[in-house]
Amino acid sequence: MLIKDVICPFCGCLCDDLAVEVENNKVIDVKHACKIGAAKIRGHNRIEAPMMRESKTDEFREVSYDEAINEAARILVDSKRPLMYGWASCLCEMMKKGVLLAEEVGGILDNTASVCHGPSALGVQEKGIPTGTLGQFANRADVVIFWGCNPVQAHPRHMSRYSVFAKGFFTNKGRKDRKIVVVDVRKTDTAEMADEYVQVNPGEDYKLLAAFRAAVADKADVIPDTVAGVSKEKIVELAAAMKGAKYGIVYFGMGVTQTRCKYKNIDIAVSLTTDLNAYTKFSIIPMRGHYNVTGAGQVFAWETGYVNGIDMSRGVPYYNPGETCSNDMLMREELDSAFVIGGDAGAHFPAQSIARMAKIPVIQVDPFHNPTTEMANIVIPVKVSGVELAGTAYRMDSVCLRMRKLVDVDFPSDEEVLDKILAKVKEIKGVS
Amino acid sequence: MSELLIKNAVVYDPINKVNGEKMDIAVKDGKIVDSIGNGADVIDAAGRLVYPGGVDAHTHIAGSKVNIGRIMRPDDSRLNNKPRTKITRPYTGYTVPNVYAMGYGYAEMGYTTAFEAAIPILKARHTHEEFEEIPIIDKGGLTLFSSNWMVMDAIREDDLDRVAAYVAWGLEASRGWGVKIVNPGGGEAWGFGKNVAGLDDPVPNFEVTPRQIIRYLAEANEKLNLPHSIHLHCNNLGKPGNYTTTLETFDICKDIKPKRDRQAVHLTHIQFNSWGGNHWGDMESKGDEIAKYMNKNDHLTIDMGQLVFGSATTMTADGPVQYANAKLLKARWANGDVELEDASGVTPLSYHPESYIHGIMWAIGLELALLTEDPWKVLMTTDHPNGGPYVNYPDVVTLLMSKKKREEAMAKIADLTFERTSIATIDRELDWYDIAIKTRSAHSKILGMVEYGKGHLGVGADADIAIYDLKPDETDSTIEYEKVKAALRRAAYTIKDGAIVVKDGEITATPMGRTYWVKSTAPSDAHDRMMADLKMKFKNYYSVNFANYMVQDEYVHNPVIEECGYA
Amino acid sequence: MQKITLVPKEQFKISIEAETITPDNFAGKSAQDIGAMIAYEGNTPRPLSELFDITVDGSADAADVKIEINGNVARVKRIGEGMSAGEIVVNGDVDMRCGALMRGGSITVTGYADSWVGREMRGGEITVKGNAGFYVGAGYRGEPCGMTGGKITVFGNARDYVGEHLCGGEIIIKGNAGILPGVSNKGGKIIIEGDTDMPGSEMTKGTIIVKGTVTEMMPVYQNEGIETVDGVEYTKYVGDVTVDGVGELFVK
Amino acid sequence: MKLDAIFISGRTVNQGVNLENKSSTAYFDAAGYCEMNSTDAGKISTDPGNNVKVTTDFGNVVVPMRICEGNPDGLIFIPMGPWANAVASPDTAGCGMPGFKGLPATVESTDEKAPTMPELMARLK
């Protein structure tokens with residue numbers, strides 16, 4: 001059976017034109033997807049059954065779902081400062097349950113944006129974000145800037161579907177209608193195919209963005225001869241190209257969110273984009289990684305008012321990255337348990353943070369064995385959302401789509417696991 | 001089955017012409033009935049004020065705009081916080097409350113229905129995702145068609161039936177209740193950073209005018225026999241001198257013949273479009289001119305878009321106006337272009353009484369409501385959260401009911417306001433019957449919700465009832481406005497579908513409400529023409545596939561579907 | 001005069017949120033009353049008497065209350081939050097948000113003050129004798145203004161974003177400051193006696209004086225030549241030009 | 001001979017392909033290496049495939065070296081994942097985000113073996 005219009009559950013592009021051949025409830029072919037998406041849909045070896053162990057150096061023993069869930073609930077109820085992290089490779093339906101569970105146990109609710117585009121949210125909180133949907137950029141953008149992002153590697157179909165080669169209403173020649181600029185600290189594969197590659201010194205994006213603002217405002221006279229390794233001449237020339245765009249778009253990635261100045265890079269990039277709107281139309285958008293990390297921010301925002309790093313311990317949510325995000329707390333050894341779901345803290349936190357996770361009980365809900373498993377005391381395998389389970393996800397531009405189910409499996413969904421943990425938590429706490 | 005008797009109520013139910021009558025209300029299985037047996041639960045209203053549950057025909061409660069407001073405003077989310085209880089989830093936010101505070105806040109004030117005023121079809125699924133999480137109140141939404149390529153291409157080809165076919169399809173795709181038009185044509189122009197200047201300024205690249213967009217959509221609206229009229233946010237919003245555009249816009253729909261017993265057009269938050277002068281320096285109120293028009297014409301209704309001093313988060317599909325606001329105020333600016341469909345913008349701001357501009361805006365909303373004679377023509381809204389958050393409705397009510405309250409407010413407002421407006425000269429004070437009209441009955445009538453049992457307490461109506469701790473007989477609303485405000489802010493009881501959801505201003509139960517939407521049909525030949533064009537646009541220009549676009553049934557909880565179409 | 005002494009009974013690992021510890025709250029209260037006040041250890045409410053040995057000497061209005069904290073409160077947040085008068089002396093380190101929203105009175109921390117010391121401070125005086133973390137005298141996320149009044153002195157070093165969104169008041173860092181001090185300054189004064197980088201980005205109004213070395217300047221300032229302030233010669237810069245700023249940045 | 005460098009991490013296609021396959025050798029091949037340009041490689045006398053030891057203030061890790069001429073002098077890249085994390089900074093700089101990019105590092109040629117993912121994680125227990 002060929003299932004059409006399948007939405008890819010890998011990255012924030014949520015390409016929705018895949019065709020997946022399923023026979024006898026097995027995926028046998030994935031068409032139109034990139035290498036990464038195809039690999040995800042084809043599947044990998046997975047954790048077969050729930051597992052537990054006392055010490056993290058012990059071998060795991062297989063247990064029943066009930067035993068694992070009950071023990072997970074007990075750990076959460078006994079915790080004064082539980083972290084509930086992940087919420088990106090999963091569907092919105094379960095994020096809502098996650099918020100409820102975090103409320104019930106007075107935990108810290110954090111999603112993978114914490115180590116990805118969390119700083120982008122902080123930038124938005126400083127300045128807002130002039131943005132749009134990906135089709136708007138495909139149809140209109142004639143100046144395309146990739147700043148600190150590398151879609152060739154991280155979002156392989158982004159350029160063909162939305163940003164570079166895509167042909168749109170006002171861009172019917174596709175690539176030929178666009179000027180592509182890449183700003184990065186190294187000449188990436190994306191930079192190789194750009195019209196302009198601007199090499200910025202590591203950690204100096206902020207100053208370069210400030211210089212662009214000055215140039216755009218025709219105040220280039222204050223700019224020194226070079227800024228962040230880029231000549232003033234180049235800055236002035238590119239500022240003119242930006243102002244001359246019919247529609248400009250800045251795609252940015254972890255090259256700016258993770259480098260020095262972090263959220264201030266986004267803050268000032270938004271300001272530059274806003275400034276440019278005095279001359280033409282310009283937008284900016286983060287290149288989101290996990291397919292539904294955008295959804296995590298959306299769900300958390302409507303449920304709690306905040307996007308990530310949400311401390312539920314006092315019954316009302318409190319948000320303050322730097323104080324309430326996963327690594328802030330791990331660094332201080334403040335947490336007394338961690339619940340990891342739909343994200344792999346073990347693989348994506350600094351080793352020193354993970355070492356601190358080694359000292360507290362860790363519960364993992366995930367289909368796959370990964371570095372978090374190595375640190376876990378309880379492992380609860382679940383369905384692969386978006387392949388084995390239908391539900392809602394948000395594309396990087398916050399367009400909301402319904403993921404399809406392709407095959408049936410016997411694993412419970414993460415939503416079912418959360419429901420059961422929640423029920424057990426309430427039972428232990430004696431609340432209805 | 002559940003039965004409830006509300007005894008000794010002083011009832012204002014304008015749709016049924018009940019004006020402060022002392023009576024009992026019987027409820028059975030969630031509906032108002034003639035009478036019930038002796039076993040019913042009894043609430044003794046003891047002479048207190050009883051209204052139908054409040055209805056808000058124009059508010060921004062859910063969807064991508066509201067949520068970007070939350071995302072960009074942790075400074076707002078930390079306001080009005082209330083920790084979770086056994087019954088309620090945590091409340092956060094003042095101008096952009098979280099979904100829970102949104103539902104609870106309305107219910108606490110005796111409101112039981114609210115309509116989201118702007119749904120871009122491409123992002124409709126998001127709106128419904130939030131609807132699903134807003135407790136208690138019934139919901140519906142208005143779908144944006146104002147800069148939609150499908151609409152403009154059909155208009156350019158003078159194919160009214162195709163416009164109608166697309167509206168029908170778009171309403172189903174978004175599960176919307178009505179046709180929303182925002183700065184017609186301006187959203188498309190904003191795609192390249194431009195705007196349209198007035199009703200006859202062609203939309204770049206599409207060569208149709210705002211006037212045509214309004215006209216065709218209004219006609220399509222009637223061809224489809226939709227329960228609500230077109231719902232129009234005029235061009236040039238937020239610009240001094242815009243009242244002339246507004247008056248011209250009023251005229252466009254003068255000869256539209258509504259298929260139903262309602263207005264031909266509803267013009268929303270008209271305060272923002274009733275400005276005289278040529279620039280900020282000489283800006284003045286033309287609220288009186290607008291009211292004069294309202295008093296002479298019966299084809300239209302408006303809502304106030306009342307300004308409330310303090311913090312607001314402006315959000316609208318009017319992209320260019322938000323850019324202008326953000327630039328003027330050096331404020332945070334979120335823009336949200338929606339491919340092929342529309343634009344939007346969000347900007348936080350604060351209204352200050354020391355600013356005569358804000359003072360004039362404050363005055364205009366009140367002028368509109370007080371100078372328009374027929375209370376049914378002007379709804380009380382704040383265009384939440386544009387003019388200010390809906391939790392301030394009780395405050396606005398007291399301004400309408402009490403000249404003394406207005407004078408107290410005016411004492412703090414910049415003097416120039418009163419040279420540029422007529423508010424200081426207005427003596428009218430609305431009564432409880434007027435307020436019932438302006439806060440529920442007219443909202444329901446204008447939306448086409450009367451037959452769905454909203455906004456009234458007649459037999460068969462939904463048992464959505466607000467009881468306020470206030471005895472109309474013993475309260476002088478022209479003087480005791482603090483008491484009125486307190487009572488309206490926290491209902492003694494809010495009853496939703498016959499169940500008590502608020503008691504003494506506190507949430508006691510959190511049932512989920514319904515979502516109303518319209519399934520309409522156009523002639524099949526027009527539908528076919530429309531689908532051919534639509535499929536072409538999906539193939540070439542949309543970034544999502546046709547098959548993944550329409551909102552699925554899974555997203556619409558407790559749906560109530562109005563079926564209608566060409567007669 | 002009323003003197004309250006708090007000595008922590010244990011080494012806290014999970015942060016205690018103790019916004020209750022202010023002269024305003026303690027004024028006129030007995031040790032028993034104070035002990036009954038609640039602080040939070042993560043999600044668990046705990047009476048102060050469980051957390052601290054409390055001694056109270058005398059009784060007075062807030063202005064005449066002195067709270068002395070002896071022992072390790074490096075994991076006690078929000079000490080002195082919103083206080084309007086009186087005095088707090090912490091003999092040791094404090095955790096985040098010490099003196100946030102403070103309106104009056106004084107706080108002295110003899111050790112390290114973690115991030116957000118004096119967040120959104122309105123008045124009064126905070127002295128940190130050791131180092132300070134990030135965001136000294138800064139604002140809350142999304143707020144246009146951080147500190148609007150009062151004075152903060154840090155004798156050691158401070159980390160990044162000193163005085164972010166400063167709208168008034170004065171911050172003195174005797175040691176070095178991290179990156180971007182005075183970012184979005186709208187009218188306050190910052191003196192950094194040591195080194196720092198990228199001061200004054202997006203400053204619209206106000207003053208920043210750096211007596212140490214600035215290796216990285218923001219490329220958006222107009223050099224106005226040499227000017228003498230308090231007998232010392234500085235290069236004066238005006239900007240940030242990208243926000244039409246008239247802020248004054250003095251760099252040695 | 002040690003090379004002073006700036007360390008960054010980032011995404012790659014193969015790291016993505018094996019994101020749910022992290023116990024495999026394919027994941028090690030996808031994420032357990034360090035890229036630098038040939039000039040830098042020459043400075044520490046190493047050839048592609050040979051192991052290098054990368055050290056920062058926060059830890060060290062041994063991985064095979066690869067050449068990427070797109071890297072400017074003194075810039076080394078390790079794909080995001082446990083090997084990069086071994087040298088990443090847990091300091092969140094007041095905003096929740098640890099240090100994955102722009103850290104001063106030294107690189108040297110080594111005969112030490114590169115750890116597998118479980119070996120790396122075992123170091124942290």
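To find a chain, count down the sequence lines: A is the first, B the second, and so on, and within it residues start at 1.
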For the CD atom of B:E132 and the SG atom of A:C92, what is their distance to the nearest 0.5 Å?
10.5 Å
Got a second to check how far B:W333's CH2 is from A:T131's OG1, nearest 0.5 Å?
10.0 Å
Let me know if [X] has heavy atoms under 4.5 Å from chain B in its side chain, its backbone, both or neither.
X	answer
A:K246	both
A:R140	both
A:R314	backbone
A:V307	side chain
A:T304	backbone
A:E126	backbone
A:L100	both
A:C15	neither
A:V99	both
A:F300	neither
A:K167	backbone
A:D17	both
A:A278	both

Is a donor from one side chain sitting under 3.5 angstrom from an acceptor on the other, for B:N67 and A:Y394?
no
Would you indicate whether the side-chain heavy atoms of [Y] and [X] approach each other to under 4.5 Å?
X	Y	result
A:Q298	B:E129	no
A:E103	B:P90	yes
A:R395	B:V544	yes
B:R84	A:M312	no
B:L340	A:N139	yes
A:T392	B:Y555	yes

Heavy-atom distance under 4.5 Å to chain A: side chain of [X], backbone, both or neither?
X	answer
B:Y323	side chain
B:Y549	neither
B:I68	side chain

Residue A:K31 excluded, over 12 heavy atoms near NZ under 6.0 Å
yes
Using modelled atom types only, decide if a donor and an acceptor are shared between the side chain of [X] and the backbone of [Y] within a distance under 3.5 Å.
X	Y	result
B:R332	A:V124	no
A:D16	B:N545	yes
A:Y306	B:R78	yes
B:N548	A:D5	yes
B:N81	A:V316	no

Tell me, out of [options], who's got the most heavy-atom pairs with chain A below 4.5 Å.
options	answer
B:K327, B:K194, B:K123	B:K123
B:K330, B:E188, B:K82	B:E188
B:F192, B:W190, B:F546	B:F192
B:N205, B:T347, B:D75, B:N540	B:N205

Check ion pair B:D337-A:K281 (N to O, under 4.0 angstrom)
yes
Going by an N to O cut-off under 4.0 Å, is there a salt bridge joining A:R404 and B:E554?
no
B:F206 vs A:F169 aromatic rings, parallel, tilted or perpendicular, using cut-offs 30° and 60°?
parallel
